[in-house]
> 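Got a structure here, written out as structure tokens. Questions coming.
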Amino acid sequence: MTDVVVVESPAKAKTINKYLGSDYTVLASFGHVRDLPPKDGSVRPDENFAMAWQTDERGSKQISAIAKALKGAKNLYLATDPDREGEAISWHVRSVLEDKKLLKNLTVHRVTFNEITKSAVQAAMAAPRELDQPLIDAYLARRALDYLVGFTLSPVLWRKLPGSRSAGRVQSVALRLICEREAEIEVFKPREYWSVTGGFKTPAQAAFQAKLTQLQGDKLDQFTLNTEALAFAARDTVRASSFTVRAVERKRTKRNPPPPFTTSTLQQEASRKLGMSAQTTMRTAQQLYEGVEIGGETVGLITYMRTDGVTMAQEAIASIRGHIGQAFGSEYVPTSPRAYATKAKNAQEAHEAIRPTEIIRTPAHVSATLTPDQKRLYDLIWKRSVASQMQSAEMDQVAVTLADESGKTLLRATGSTIAFDGFLKLYIEGRDDSKTGDDDDSRLLPPMKEGDRISTTAVDAEQHFTQPPPRYSEASLVKKMEEIGIGRPSTYASILSVLRDRNYVRLETRRFMPEDRGRLVTAFLTSFFERYVDTSFTASLEEQLDDISGARADWHDVMAAFWRDFSAAVDQTKDLKISDVIDALDDDLGAHFFPAKDDGTDPRTCTACGTGRLGLRLGKHGAFIGCSNYPECQFTRRLVADDGQDDGLKDGMRVVGQDPTTQEDITIRRGPYGLYIQRGEADPNDKKAKPKRTTIPKGLDGNTITLEQSLGLLSLPRVIGPHPETGETIEAGLGRFGPYVKMGAIFGTLDKDDDVLTVGLNRAVDSLAKKLASIRTLGAHPKDNEPVMVRKGRFGPYVQHEQMIATLAKDRSMDDVTLDEALALLAEKGKPLKGGAKKTTARKTTTKATSKTTEKTAAKPKRTTTTKKSPTATKTTKKPSSRAKKTKETASQDSE
């Protein structure tokens, strides 16, 4: 009979099981065991924000494993992470087990530990506590907020701004920061300024440099010398003068070490020094926290990595100070331990800083057992932790002032030397956006004294231009979010990831650049939902969530106040006209999409008709740029800024010739998403009959494409020939994601350099071989003689016949499956692929769902059970539109 301990991950479970021994069974929940169903009504504001929770297949599997282990146990220990999210995971596990009446005669304990070491785990098990309800309430409020914003705002975006969806509650604010920085860069006008620098020698012939700071009695600021004439005149004045040392200023300064890492500072420093993304940093830190194999034992190397605290345990500080004395000498140990205070706005997690669990495990000691990323990150954490308790560095700074004979023209030289390196012996903190001039202070000046006559060797004037503010890097964006109080340690990485995954931003040279679709969404939200993408409002909401976690506010009250104003703002958009949206977006983004031309001509003049005015337009597939003379002029352009380069079609449409069979015109046209070929025209009397169209592949010029090429593309897919081994026909075609080859139900991708009209059999066979390696044909099905295949999917192997599939055990080898076994599985467990679409991965999709309203909701709210319906469920009176379906899907993602 053993007690049961539940943690999040299998790696963590494995490590803790070794520490606790055979008296305990340690199981993983694999994160959350349930979540809000991705559909309307999962959060019900009218019922005091009651929530319906759904347990998916994976969660049900883990709950079943926990339930099985609980048989005969007396205690259940919930040992998930020591933060708000970890508390919520424990609450979900307990709630589901309570629903199933599996906690009778069991005592439920909550235990937390900041590091996965034997002593820390055993100490936590000896001092359990109850679940922290305020932390759970804060989680419920945050989850309800994100869900309601996603499911309420996304439909508005789909209706008023087709093709767009919200980035999420906090993500939208981060996106706004990136877009506003880009707008600052675009309107930035560089200013010219000059500097005058002289080369000099001391009486001992030691060389140094000094900058002009005062000219003939006038102190120079940055823009005093703003023309070449002024700069050269100042240069000539210095060249014609003789200088002596007027003053030598010396002072010793101290530079204190930075505090140990928090989540945000770790992400910033890993980005600057290691080039790691926030996501990679957190994934690697999680591995170091959960434990790695060292000398046959699993050891957690660092403390919990989601924190905004900078304190360290006293025993850890004592251990670090002892190591500093042994490794560097007593002079590197401060008289008293250093104490740090958190400066981050709204810091709420009472955790230690990120530090090594044992300082004696130096990077050199553990490097052989770590992956390259683990090694680099551990080295960074270890050095920062040790440096934070080292002696300050001492710098000798020297400033020398040179004066001409009149004393009215002055130059200044600065330099510094390290008198005592202190913590710099081990660690130097990185910087994001270095300021010019910093290197001057680190120069070493030769000895000089007042009255020394200085000889001039050279004087030069140098032109400069002011620079626009730098784009955000991952490090500087995380720093900015932390400064203004949006996001939390556990969310920084996911915020940045969502923005990239939804193609709202891209990273270029490790800097965020907004995509046009991201700017479009931001412009819409700032125009019509300004309050909800306002940094101050979002930071205030974060403070309220912190008040909930600190038991200073009731989460229902916070939600009610938010929902009252937010739902009213959404209601105001119901009567919003598309023309109002276009006008607002055009006003906000016009300068971006139509930048001023060097020749002074109007950038909005239509290049096709010459008289129309280009502007933003909204179609059912999203926004694009079109001509005001539509429909007479059908010129369109993708929604991208005009960079002066044409995409290959100078007019709105070009006739390339006639189809020799049908005598219909073959035309090249521009649509919202690029160039395409069309045969004939639409029949005005038959709206269902549409002319044949096909996309023009990248690399073909719309002005030079020939009739032969056009007919070839319109005739796709084309037969290449039979497969040399199987004899099956291979075809080439052009799909949504580019050119491809196809043999039966097997598709192979072609490279961008492959010409779909001329690609040969050898190339096609080579492309298909990569797919065939993960597919094995077992034989023909006796009913229809169609092939039965075993395929390697994302979640494991499965067998397939036509649109029917059946999963296999994950550890089952594809080579061992027989036709008879596959036929039996398909007959017993087979299920159709949704919508008859080709699918390369398969798992059982039946979802066992449970639901439970939250605690502290309205009195006895109605309980619901959510089940996944078959595609052949009872017909409804009105079939939802594809747009409605898509809205629900994207709203579900937005609620994350």
Side-chain angles (χ1 to χ4, degrees), residues 15 18-19 82 113-124 256-263 265-266 269-270 273-274 281 284-307 309-342 351-371 373-393 421-429:
T15 305
K18 289 184 177 180
Y19 294 156
F113 30 82
N114 195 47
E115 58 187 67
I116 303 180
T117 58
K118 190 170 185 178
S119 58
V121 171
Q122 290 177 341
N256 296 323
F261 281 129
T262 62
T263 301
T265 55
L266 176 62
E269 196 76 336
K273 286 190 170 181
L274 309 180
T281 298
T284 308
Q286 180 94 29
Q287 295 164 359
L288 295 173
Y289 165 69
E290 291 182 343
V292 296
E293 203 77 26
I294 297 179
E297 180 185 2
T298 304
V299 179
L301 289 182
I302 64 170
T303 54
Y304 190 56
M305 65 288 161
R306 292 187 179 92
T307 174
V310 290
T311 60
M312 290 195 293
Q314 290 303 312
E315 57 268 28
I317 293 176
S319 177
I320 290 174
R321 286 170 60 84
H323 177 82
I324 294 170
Q326 292 177 1
F328 302 104
S330 59
E331 66 272 23
Y332 287 88
V333 184
T335 306
S336 58
R338 292 189 179 277
Y340 295 96
T342 301
H351 300 147
E352 279 192 74
I354 304 169
R355 62 165 176 84
T357 54
E358 295 288 345
I359 208 65
I360 58 173
R361 293 195 184 98
T362 64
H365 179 252
V366 300
S367 64
T369 61
L370 302 181
T371 67
D373 278 351
Q374 290 172 348
K375 187 188 306 182
R376 294 192 302 153
L377 194 64
Y378 183 71
D379 181 76
L380 196 67
I381 293 169
W382 189 92
K383 287 181 177 178
R384 174 88 166 218
S385 300
V386 174
S388 71
Q389 288 298 321
M390 291 179 72
Q391 189 62 272
S392 300
D421 53 6
F423 75 94
L424 294 177
K425 190 176 187 70
L426 180 66
Y427 184 85
I428 299 176
E429 188 175 23

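Bear in mind that the values here come from a model prediction, so they are computed numbers and not experimental data.
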> Once you round to the nearest 0.5 Å, how far does CD of Gln389 lie from CD1 of Ile320?
6.0 Å

> Just grab all the salt bridge (Lys or Arg N to Asp or Glu O under 4.0 Å) pairs involving residues 284-298, residues at least two apart or on different chains.
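Pairs touching residues 284-298 that pass the test: Lys18-Glu293.
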
> Other residues, nucleotides and ligands only: do more than 12 of their heavy atoms fall within 6.0 Å of NZ on Lys425?
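Open: at most 12 neighbouring heavy atoms sit under 6.0 Å from NZ of Lys425.
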
> Where the side chain of Arg355 meets the backbone of Met312, is there a donor-acceptor pair that is under 3.5 Å apart?
no

> Test your reading of the model: is there a side-chain donor-acceptor pair from Glu115 to the backbone of Gly300, 3.5 Å cut-off?
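No, Glu115 side chain to Gly300 backbone: no donor-acceptor pair under 3.5 Å.
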
> How close do Tyr427 and Leu380 get, counting heavy atoms only, and between which atoms?
CE1-CD1, 4.1 Å

> I'd like to check Leu377 versus Leu266 (side-chain heavy atoms, cut-off strictly below 4.5 Å). Are they in contact?
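In contact.
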
> I'd like to know if Lys383 pairs up with Asp379 as an ion pair, taking the criterion as any Lys NZ or Arg NE/NH1/NH2 lying under 4.0 Å from an Asp or Glu carboxylate oxygen.
yes

> Not counting sequence neighbours, list each pair that qualifies as a side chain to side chain donor-acceptor pair (under 3.5 Å) and has a residue in residues 314-332.
Tyr332-Asp421

> Drop me the distance from Arg384's CZ to Glu269's CD, to the nearest 0.5 angstrom.
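The CD atom of Glu269 is 5.5 Å from CZ of Arg384, to the nearest 0.5 Å.
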
> State, yes or no, whether a side-chain contact exists between Asn256 and Arg338 at a heavy-atom distance under 4.5 Å.
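Touching, per the 4.5 Å side-chain cut-off.
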
> Tell me the closest heavy-atom pair linking Thr307 and Thr263, and the distance in Å.
N-OG1, 2.7 Å

> Rounded to the nearest 0.5 Å, what separation is found between the CD atom of Gln391 and the CD1 atom of Ile324?
9.5 Å

> Looking at every heavy atom in both Thr303 and Thr357, which two are closest together, and how far apart are they?
N-CG2, 4.1 Å

> What pair of heavy atoms forms the shortest contact from Thr369 to Gln374, and how long is it?
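Shortest heavy-atom contact: O-OE1, 4.5 Å.
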
> Apply side chain to side chain contact (heavy atoms under 4.5 Å, CB included) to residues Met305 and Gln287 and explain how you reach the verdict.
CA-CA 10 Å; Met305 65 288 161; Gln287 295 164 359; over 6 Å; no

> Atom CD1 of Ile302 and atom CG of Asn114: how far apart are they, to the nearest 0.5 Å?
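It comes to 10.0 Å.
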
> Could you check if a side-chain atom of Pro334 sits within less than 4.5 angstrom of a side-chain atom of Phe423, using non-hydrogen atoms only?
no

> Assess the residue pair Ile294 and Leu301 against the criterion (side chain to side chain contact (heavy atoms under 4.5 Å, CB included)); give the C-alpha distance rounded to whole Å, side-chain angles, the decisive distance to 0.1 Å, and a yes or no.
CA-CA 10 Å; Ile294 297 179; Leu301 289 182; 3.8 Å; yes

> Minimum heavy-atom separation for Tyr378 to Leu370, with atom names?
CB-CD1, 4.2 Å

> Are Phe113 and Gln122 close enough, and set up right, to give a side chain to side chain contact (heavy atoms under 4.5 Å, CB included), and what steps lead you there?
CA-CA 9 Å; Phe113 30 82; Gln122 290 177 341; over 6 Å; no

> Check Tyr304 against Ile354 and note the closest heavy-atom contact, atom names and distance.
O-CG1, 3.8 Å

> Nearest 0.5 Å, what's the OG1-CD1 distance between Thr15 and Ile116?
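Thr15 OG1 to Ile116 CD1: 6.0 Å, rounded to 0.5 Å.
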
> When rounded to the nearest 0.5 angstrom, what distance separates OG1 in Thr281 from CD in Gln286?
13.0 Å

> Please examine the side chains of Ser388 and Pro258, heavy atoms only from C-beta on, and report whether any two atoms are closer than 4.5 Å.
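No. Closest side-chain heavy atoms not under 4.5 Å.
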
